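Following: one structure in structure tokens, then a few remarks.
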Amino acid sequence: MSKTDADLRLAPPPRRLQAVARRLLAWYSQHARDLPWRRTRDPYAIWISEIMLQQTQVDTVRPYYLRWLAAFPTLETLATAPQDEVLRLWEGLGYYSRAHNLQRAARQVRERFDGRLPSSMEDLLSLPGIGAYTAAAIASIAFDRDVAVLDGNVKRVLARLFLYEGDVKSPNGMRQLQALADRLLPSGRASEHNQAVMDLGATICTPRRPACDRCPLQTLCEARATGRQEVLPIAQRRAKTPERRADIGVILWNDRVLLEKRSERLLGGLWAFPALNATSLEETASEAALRQKLKALLGRVPGEPKLLLAEIKHTYTHFRLVARAWLYTPQEPVQAAGLGAITDAMAWVRLCDLAGYPMGRVDRRIASALLSQST
DNA sequence: AATCCGGGGGT
DNA sequence: ACCCCAGGATT
């Protein structure tokens, strides 16, 4: 294995690490944020918060966390909840596999660990949805284990503090920084220490325009000393997202609309209006092609679209979607053929019940447009 | 190692 | 328009 120049410099002496850790704890004792999941020692509640906080900011998570704990106060209530209810409470947070994995893990904990969340890294890592970061966070915060977390905040703080100029998102960068985080961890104080580094990254050592003048580590920071705090950490840029188009069918029959339950990985388990997605980047989806799909679903043609209900642009992680939602109001009864095709993955849903069906952003906005239009 | 997976917030 | 976020799973 070859080490890069960036790696070679990443070996601060123990004395300096100690000084950093000491100042961090002192700062945290005065400036810790008051967060709902810091008012509990319940491992289940801490687990929920950590899953919600994956790739999601504190202010976004806060209301979801409170609502979730009210609906599912214990691991047992989560394990036995209907999937639609779990997804409904997750709706809007994104990365819906997190919600699926939470419930799968809750059921595994019931079977394998007597209903109590395990405290060892090995057992935590064996649960779905729990990776290196989350296992370390739960082990340290809920169980006071001496393990160091490494998340986006920690990577940024360490890269600046110790002038790490490698790619912090590469496997090698992760390895180097995890080793450094491990060395920095003061024994017996993992919970406070980990949260201190993350709070510092979230409030002082921010991605842009860090507030070095308020930083407890300003005199110990190599990036600050060399004026590099705005350019570190270095991470590879993501490619530009392509654009895709879709035509979406809103079939209104009496006071009901047809929904499908998605089985794809994207938005899996959520309900959606029947859609025809363009298969290639250049191809334009068309209302005519959508009508063919709807005919297959209904067993008959849905008729001409009554109107273009909405045009919605939405950005996902890897593409931008431009979607047109067409409203169809078939005159002939569709239930004879339609209900024959109804499975667990399809439903004719009353307009007043739409809120109870978990959906992604695009379909929820279509549902809102439909509700405001039909009143 | 690269790609997929959402949605919101900040600049 | 672009980057970031208390990342993990899959290929």
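The sequence lines fix the lettering, A, B, ..., with proteins before strands; numbering per chain opens at 1. All of these numbers come straight from a predicted model, not from anything done at the bench.
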Salt bridge check: are A/R156 and A/D151 linked by an N-O gap of less than 4.0 Å? no
With hydrogens left out and only the distance checked, is there a donor-acceptor pair under 3.5 Å joining A/R98's side chain and the base of C/dA6? no
Suppose you measure atom P in C/dA1 against the same atom in B/dC5; what distance do you get, rounded to whole Å? 23 Å
Counting the atoms with a prime plus P, OP1 and OP2 as sugar-phosphate, which does A/G360 contact under 4.0 Å by heavy atoms, base, sugar-phosphate, or nothing? sugar-phosphate
Length of the CG-C1' vector between A/L102 and C/dA6, whole Å: 14 Å
Under 4.0 Å: is that the gap between some side-chain N or O of A/R156 and OP1 or OP2 of C/dC5? yes
What nucleotide, of C/dC4, C/dA6, B/dC4, holds the atom closest to the side chain of A/P207? C/dC4
If the cut-off is 4.0 Å, is A/T56 near the phosphate of B/dG6, judged by side-chain N/O to OP1 or OP2? no
Pairing partner (Watson-Crick or G-U wobble, both distances under 3.5 angstrom) of B/dG6: none
Under 4.0 Å, counting only non-hydrogen atoms across every strand here, what does A/I130 touch: a base, just sugar-phosphate, or nothing? sugar-phosphate
A/Q54 has its side chain closest, among B/dG8, C/dG7, C/dA6, to C/dG7
Just how far, in rounded Å, is C1' of B/dT11 from CZ of A/R209? 9 Å
Output the rounded distance in Å from CG (A/D167) to C1' (B/dA2). 13 Å
Once you round it to whole Å, what is the distance between P of C/dA6 and CG of A/L158? 15 Å
Nearest heavy atom decides the nucleotide; on that basis, is A/P171 or A/L270 closer to the 5' end of DNA chain B? A/P171
Starting at NE2 of A/H100 and ending at C1' of B/dG6, how long is that distance when rounded to a whole Å? 13 Å
For A/E91, is there an ion pair with A/R88 - N to carboxylate O distance below 4.0 angstrom? no
State whether A/Y96 places a side-chain N or O below 4.0 Å from either non-bridging phosphate oxygen (OP1 or OP2) of B/dG7. yes
Check whether any side-chain heavy atom of A/P36 sits under 4.5 Å from a side-chain heavy atom of A/V61, and report yes or no. no
Closest of B/dG8, B/dC4, B/dG10 to the A/H318 side chain is B/dC4
A/D167 and A/K155: salt bridge (Lys or Arg N to Asp or Glu O under 4.0 Å), yes or no, with the steps? CA-CA 10 Å; A/D167 180 350; A/K155 282 186 254 184; over 6 Å; no
So A/W90, base contact, sugar-phosphate only, or nothing? Heavy-atom distance under 4.0 Å. nothing
Tell whether A/Y95 reaches the base of B/dG6 with its side chain through a donor-acceptor pair below 3.5 angstrom. yes
Would you say the side-chain atoms of A/Q54 and A/T134 include a donor-acceptor pair closer than 3.5 Å? yes
How is A/G131 classified with respect to the nucleic acid when contacts are heavy atoms under 4.0 Å: base, sugar-phosphate, or nothing? sugar-phosphate
A/R361 side-chain proximity, nearest of B/dG8, C/dA6, C/dC3: B/dG8
For the pair made of OH in A/Y316 and P in B/dG7, what is the distance, rounded to whole Å? 6 Å
Lys/Arg-Asp/Glu bridge criterion (N-O < 4.0 Å) met for A/E311, A/R324: no
Can you tell me, in whole Å, how much space there is between the C1' of C/dC5 and that of B/dG6? 12 Å
What nucleic acid atoms does A/L35 come within less than 4.0 Å of, heavy atoms only: base, sugar-phosphate, or nothing? base
Distance check, P atoms only: B/dT11 and C/dA6, in whole angstrom units. 14 Å
Rounding to a whole Å, what distance do you find between A/N172:CG and B/dA2:C1'? 16 Å
If you assign each of A/A202 and A/R208 to its closest nucleotide in DNA chain C, which residue comes earlier from the 5' end? A/R208
Assign each of A/R33 and A/P128 to its nearest nucleotide of DNA chain C by heavy atoms, then name whichever residue's nucleotide is nearer the 5' end. A/R33
Tell me what A/S97 touches on the nucleic acid: a base, only sugar-phosphate, or nothing, going by heavy atoms under 4.0 Å. nothing
Check whether any side-chain N or O of A/H314 sits under 4.0 Å from OP1 or OP2 of B/dG7, and answer yes or no. yes
When the distance from CZ of A/R320 to P of C/dA1 is rounded to whole Å, what number comes out? 7 Å
Among B/dG7, B/dC4, C/dG7, which is the nearest nucleotide to the side chain of A/T134? C/dG7
Charged N to carboxylate O below 4.0 Å: is that the case for A/R228 and A/E165? yes
